Protein chains: 2
Amino acid sequence: MSHRVTMRDVARAVGVSPMTVSRALRDDETVNAKTRHKIRQVANDLGYVYDTTAQAFRTQKSGFVAVTLPSINNANFAETFRGLSEGLGQSGMQLLLGSTNYQVDKEEELVRQLLTRNPEAIVLTGGHHTDETRALLSARNLPVIEIWDLPAAPLGHVVGFSNASAMAKVVTHLAEKGRYRLGFVGASENTDLRGASRRAGVIAAAAELGLPDVTIIDAGSAPVSMRHGAQAVSDLGDAVSELDALVCVSDPVAFGALSECRRRGLKVPSDIAVTGFGNFEVASVSDPRITTVGVTAREIGMQVAALLDDLFAGEAGDLPRIVDVGSRLVPGETS
Amino acid sequence: MSHRVTMRDVARAVGVSPMTVSRALRDDETVNAKTRHKIRQVANDLGYVYDTTAQAFRTQKSGFVAVTLPSINNANFAETFRGLSEGLGQSGMQLLLGSTNYQVDKEEELVRQLLTRNPEAIVLTGGHHTDETRALLSARNLPVIEIWDLPAAPLGHVVGFSNASAMAKVVTHLAEKGRYRLGFVGASENTDLRGASRRAGVIAAAAELGLPDVTIIDAGSAPVSMRHGAQAVSDLGDAVSELDALVCVSDPVAFGALSECRRRGLKVPSDIAVTGFGNFEVASVSDPRITTVGVTAREIGMQVAALLDDLFAGEAGDLPRIVDVGSRLVPGETS
DNA sequence: TTGAAAGCGTTACCAT
DNA sequence: ATGGTAACGCTTTCAA
């Protein structure tokens with residue numbers, strides 16, 4: 001197999017220097033229009049393909065933005081990724097995606113791996129990281145954006161919302177409906193950290209309102225999904241009758257819980273209320289519609305893209321930007 | 001800002017040459033064990049991070065495998081990606097993901113973009129591509145793997161299954177249950193091509209069995225999901241009573257259809273049967289459970305990873321590999 | 001077991 | 001408007 005076609009080859013064929021080819025291909029106006037045209041044509045004829053790797057190497061700019069998600073198989077995170085991806089379309093940046101499987105150790109390994117690609121910015125889902133991850137990131141002069149949370153001690157920029165205050169809205173809503181005895185259905189402690197924030201939010205809000213202690217219902221280790229919600233209700237058995245509402249960590253979990261309630265002949269919401277989180281499609285299509293919390297997953301991605309645009313354009317100012325996209329209660333028919 | 005830490009710096013600090021550092025970091029046995037250890041430690045202390053871009057440049061191997069998915073927000077494709085990602089863990093390859101939004105033009109643009117990163121292989125979801133995409137790919141000496149389909153004229157390797165024969169299983173199942181008047185719920189023609197294959201499969205199977213003409217119910221443009229399934233049933237109105245079964249292009253669509261049937265007071269399956277595709281979690285958790293077709297989304301990814309391993313190890317032989325992972329009917333309570 | 005030299009393809013910088 | 005030179009950080013190759 002013959003050697004690959006480089007700018008050199010194009011230059012030789014046209015009778016100019018490689019520099020001129022480089023300029024021409026970038027549509028540099030200082031290159032004679034005719035020459036530019038000729039170069040483009042010859043490049044095409046020779047089957048020249050631009051080498052981004054060489055460019056990244058020479059300029060020390062990879063054109064990558066690294067992104068970590070807890071799971072790619074999650075409609076909310078996928079929407080965030082999509083928003084980011086679409087919003088970044090203009091800037092020519094490419095996303096380098098990795099999934100942590102909800103584990104901070106895995107995140108550390110992933111960050112280490114992603115950093116070897118010299119990303120120009122890194123987007124981390126969540127605000128919990130290992131010390132080593134923090135060290136790795138602060139050793140570099142790299143914009144860091146944490147999303148889907150409002151960390152107490154951010155690494156840099158933030159685009160997220162308060163999981164605790166979102167849950168407070170749910171608890172308040174339930175209390176107003178006369179639902180006092182709450183069960184929280186989520187992953188075991190210490191695996192899903194966003195889930196843990198939500199649980200803490202429920203407990204705090206219930207205490208604040210003087211409700212009885214929240215019953216914690218362990219649905220297994222993260223990621224918890226529909227089947228875990230169903231299993232949790234099934235495991236509860238008759239104990240479910242001592243609760244007024246099942247506050248679930250996410251809509252899939254809530255849907256699983258709702259389905260299992262139905263199977264067991266429980267009427268929702270008359271026998272028990274069920275709430276979710278995330279305003280997934282299933283919440284609004286399910287019959288009955290599930291009461292949930294709307295989070296603007298897609299907008300988080302778009303806000304991040306906007307922030308990155310500003311950062312790359314040098315228009316972001318010096319201070320870390322903290323964007324709270326908020327959340328809102330979306331009442332359904334299950335409460 | 002100080003200059004970035006390179007192998008040179010590590011070498012200087014340890015008192016060896018950069019070459020020795022390079023070898024040591026790759027765990028080359030020829031380097032003295034003690035020296036190796038020392039180097040690793042110093043590298044760590046200095047906060048050295050390996051530069052994959054430089055490596056890719058020097059070796060002319062990017063370490064990337066490019067992947068296109070119609071949508072990242074789809075549990076099946078996400079599982080395939082995960083299977084691939086995990087299976088590829090060993091080989092050190094990194095995935096470069098792009099989403100086509102179910103459009104072949106978008107795919108072309110994406111392929112073009114991905115190719116500038118010199119991927120060592122490319123994985124395309126589906127077997128339909130623009131001529132330009134085909135040309136771009138065949139101009140390169142690059143392994144191509146098409147997945148989630150069994151294309152008539154593959155570009156290279158294939159890991160997929162027949163959408164048509166999968167649908168035939170559904171139609172046969174329904175016919176055995178005495179369901180003859182079928183409606184197919186899917187995206188409009190020419191957007192979702194996998195969906196179009198499924199529709200064609202339903203029509204062919206119905207004809208084969210001598211069933212009445214299949215009623216085609218347009219659920220909008222791809223990607224169609226839960227709300228589209230619900231909307232389609234809603235749009236049908238009373239016409240739904242002339243059908244024995246709604247054959248849906250995917251489980252989310254089936255779930256939407258099922259929910260809307262319930263809302264309208266239709267009993268499933270006594271008044272009408274509903275089937276889905278993909279064995280999504282919602283199919284098995286929903287009450288009633290949805291009859292669906294099981295496709296091994298995760299396994300497709302793992303098979304691709306295995307194939308890539310062989311390719312990179314030079315053990316794949318010369319012929320394109322065609323892997324049919326098959327599909328199976330998963331009877332539920334909706335038929 | 002270790003090192004020196006060269007080069008991967010591009011572009012920043014300075015000259016002309 | 002165009003070109004020459006050097007350099008980005010690493011690894012292949014050969015030599016010691």
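Predicted, not measured: the structure shown is a model, and the values here were computed from it. Proteins get letters first, then strands, A, B, ... in listed order; numbering begins at 1 in each.
A/T53 comes within contact range of no nucleotide atom at all, as no heavy-atom separation falls under 4.0 Å. Note on A/T30: a base of the nucleic acid sits closer than 4.0 angstrom, heavy atoms only. Residue B/R8 is out of contact with every strand shown, counting any heavy-atom pair closer than 4.0 Å. Counting any heavy atom pair closer than 4.0 Å across all strands shown, A/T6 reaches sugar-phosphate atoms only and no base atom.
Put simply, the side chain of A/R58 and the base of C/dA12 share no donor and acceptor less than 3.5 Å apart.
Distance A/D28 CG to C/dT10 C1': 15 Å, rounded to the nearest Å. If you measure from atom CZ of B/F57 to atom P of D/dC10, you get 13 Å, rounded to the nearest angstrom. Here C/dT10 presents its P atom at 11 Å from CZ of A/R26, a figure rounded to the nearest Å.
Contact of the B/L150 side chain with the B/D324 side chain is registered, since non-hydrogen atoms from C-beta on lie closer than 4.5 Å.
Nearest nucleotide to the side chain of A/N32, out of C/dT11, D/dT2, C/dG3: D/dT2. Distance from the side chain of B/Q55 is smallest for D/dT11 among the nucleotides D/dT13, D/dT11, C/dC13. In this structure, of C/dG3, C/dT11, D/dT2, it is D/dT2 that holds the atom nearest to the side chain of A/T20. Minimum atom distance to the side chain of A/M7 is reached by C/dT11, of the listed C/dG9, C/dT11, D/dT12. When distances run from any side-chain atom of A/Y48 to the nucleotides D/dT11, C/dG9, C/dT10, the shortest one goes to C/dT10. Comparing D/dG9, C/dT2, D/dG3 against the side chain of B/D51 picks out D/dG9 as the nearest.
Taking a 6.0 Å sphere around CG of B/D45, one finds it holds more than 12 heavy atoms contributed by other residues, nucleotides or ligands.
Ring-centre distance between A/F64 and B/F64: below the 6.0 Å cut-off.
Nearer the 5' end of DNA chain C, as judged by each residue's closest nucleotide, is the contact made by B/G15, out of A/S22 and B/G15. Annotation: of the two residues near DNA chain D, A/R23 and B/V5, the 5′-most nearest-nucleotide partner is A/R23.
In this model, the phosphate group of C/dA4 is not approached by any side-chain N or O of B/S17 to a distance below 4.0 Å at OP1 or OP2. Side-chain nitrogen and oxygen atoms of A/Q60 include at least one within less than 4.0 Å of the OP1 or OP2 phosphate oxygen of D/dG9.
Ion pairing between B/D51 and A/R117 fails under the 4.0 Å rule for side-chain N and carboxylate O.
Between B/T130 and the options B/E109, B/E108, B/Q103, a side chain to side chain donor-acceptor pair (under 3.5 Å) holds for only B/E108.
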